[in-house]
Visitor: 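Mind having a look at this structure? Questions to follow.
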Number of protein chains: 2
Amino acid sequence: MSSKPISIYELETDDKRFLSPFCWAARFAIIHKGLKPDVIPWHFQEKDKIAFSNQGLVPVIVDQNKDGKWVNDSWEIAKYLEKTYPDQPSLFKGTSGESLCCFFVKSISSGAVVPMMQTIIMDLYNAQLPKDKDWFRKTREDRFGAPLEKFCKGESNVGAFREALQPCRDVLKDYQYLGGSSPCYADMYLLGIFMFAYAVSPVKLLAKDDPLHSWRQRMLKAYDNPQTAHGQKGYPESLE
Amino acid sequence: MSSKPISIYELETDDKRFLSPFCWAARFAIIHKGLKPDVIPWHFQEKDKIAFSNQGLVPVIVDQNKDGKWVNDSWEIAKYLEKTYPDQPSLFKGTSGESLCCFFVKSISSGAVVPMMQTIIMDLYNAQLPKDKDWFRKTREDRFGAPLEKFCKGESNVGAFREALQPCRDVLKDYQYLGGSSPCYADMYLLGIFMFAYAVSPVKLLAKDDPLHSWRQRMLKAYDNPQTAHGQKGYPESLE
């Protein structure tokens, strides 16, 4: 398929750390579809840069193959790509895949993202640009209902995050991927969470003998080990 | 398709209340496949009746279309039916559907079944046959690590159960069923939980304005409102 790259506005810091699990999920969806992501760095509060999308959050994609059509929100982007590029590898793989991936996203975002944030939020705060720190603190403290230092439990909380992923581990007993014998959008969404965390935090979210650890290695290989720029390391050979 | 009924051993009491969500899920899977379930009532501890399956739990199915092949465990039964009757309506609907339904089952069984049991366990205990009550209490108290009376929080706990189903509700904002425009095994598994609870407990697990309430009505209609024999009412017109 001959096509132009898909522009994607992604949240990052000046040192090229990518700071949004949702942007990662959208980027993997673009790659999965055999398209090339053209990443446009974006910082919190740069509302003017994405004003064309009539809202203020990333990811936003712009598809030059379709007259510059834009789509915001990672889930809407996944659905858009699936509908617009039906002959490319499927993100959902079947007529139940879209709604079941929706369940997966909602389930993980309500069950696993909070314990992950409780583990790494101070690392995430420290990774923000100086100009964004006060804003980041205020919006997150409003959301979590507590000062960051109180909400954060640090590395001691990693067990709660791992426990929340037990249903994923159960699936991997019998399947190579959450999508079965090949990845589906659920895999991309979960990988996005790890990429995001890895970009800012030294905490080992998974033990090496965790089935999710080898799943993550398989996924990274399948999606070309994208650069997280964590500690300027470039492409991590293995997300230890 | 001309075929013989599928025999299914299901847990029930003398007054025909069906007491296992897993048996319900397996029965719905049989119906979904356009096959007729031939329900064989089974009581806890009747190990001899299902000794042929080399284990002691129901559901167990026996498929006379396939030389009396037996399968136990609701998930194994679903996979068996899908594989054996590929031309009948699919339970998983796509190559990602099986692993994503596996995720659904694991996620709901770890997240929603416990708060449901905390809500209705005393009703469940009271519905047991007199000969099974002591055994039921002992095995459950060992499992839950507390006396039933302490583990049970009663109707006041219904909010925790409803909250645990929020990801399902989120899906139903955009889809008619968890499987999209038609049910998949995830729908059957969830309906099984409600059928089970309804058979023993008067607690209203869902508010009438809950999107899951109308989903449940659609599902009951799709699967012929099977008899729960709750309070001898026969076929409930609407699971209020």
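Quick note on labels: first sequence line is chain A, next is B, and so on, each numbered from 1.
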Visitor: I need the residue from B:G94, B:S99, B:C102 with the largest number of non-hydrogen atom pairs under 4.5 Å to chain A.
Guide: B:S99

Visitor: What I'd like to find out is whether the side chain of A:F103 reaches to under 4.5 Å of the side chain of B:I108, using heavy atoms alone.
Guide: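 Yes, at least one pair of side-chain atoms sits under 4.5 Å.
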
Visitor: Only pairs of heavy atoms separated by less than 4.5 Å count here; which of A:A186, A:P167, A:C168 has the most with chain B?
Guide: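 Winner by heavy-atom pair count: A:P167.
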
Visitor: For each of B:S109, B:G97, B:S96, tally heavy-atom pairs with chain A at distances under 4.5 Å, and name the one with the top tally.
Guide: B:S96

Visitor: Is A:S110 close to chain B through its backbone or its side chain, or both, or neither, when contacts mean heavy atoms under 4.5 Å?
Guide: side chain

Visitor: Is chain B contacted by the side chain of A:L165, its backbone, both, or neither, given a heavy-atom distance below 4.5 Å?
Guide: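 No part of it gets close to chain B.
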
Visitor: Give the interface residues of residues 67-79 of chain A toward chain B, defined by a heavy-atom separation under 4.5 Å.
Guide: A:W75, A:K79

Visitor: Are there residues of residues 172-184 of chain A that reach to under 4.5 Å of chain B by heavy atoms, and which ones?
Guide: A:Y175, A:Y177, A:L178, A:G179, A:G180, A:C184

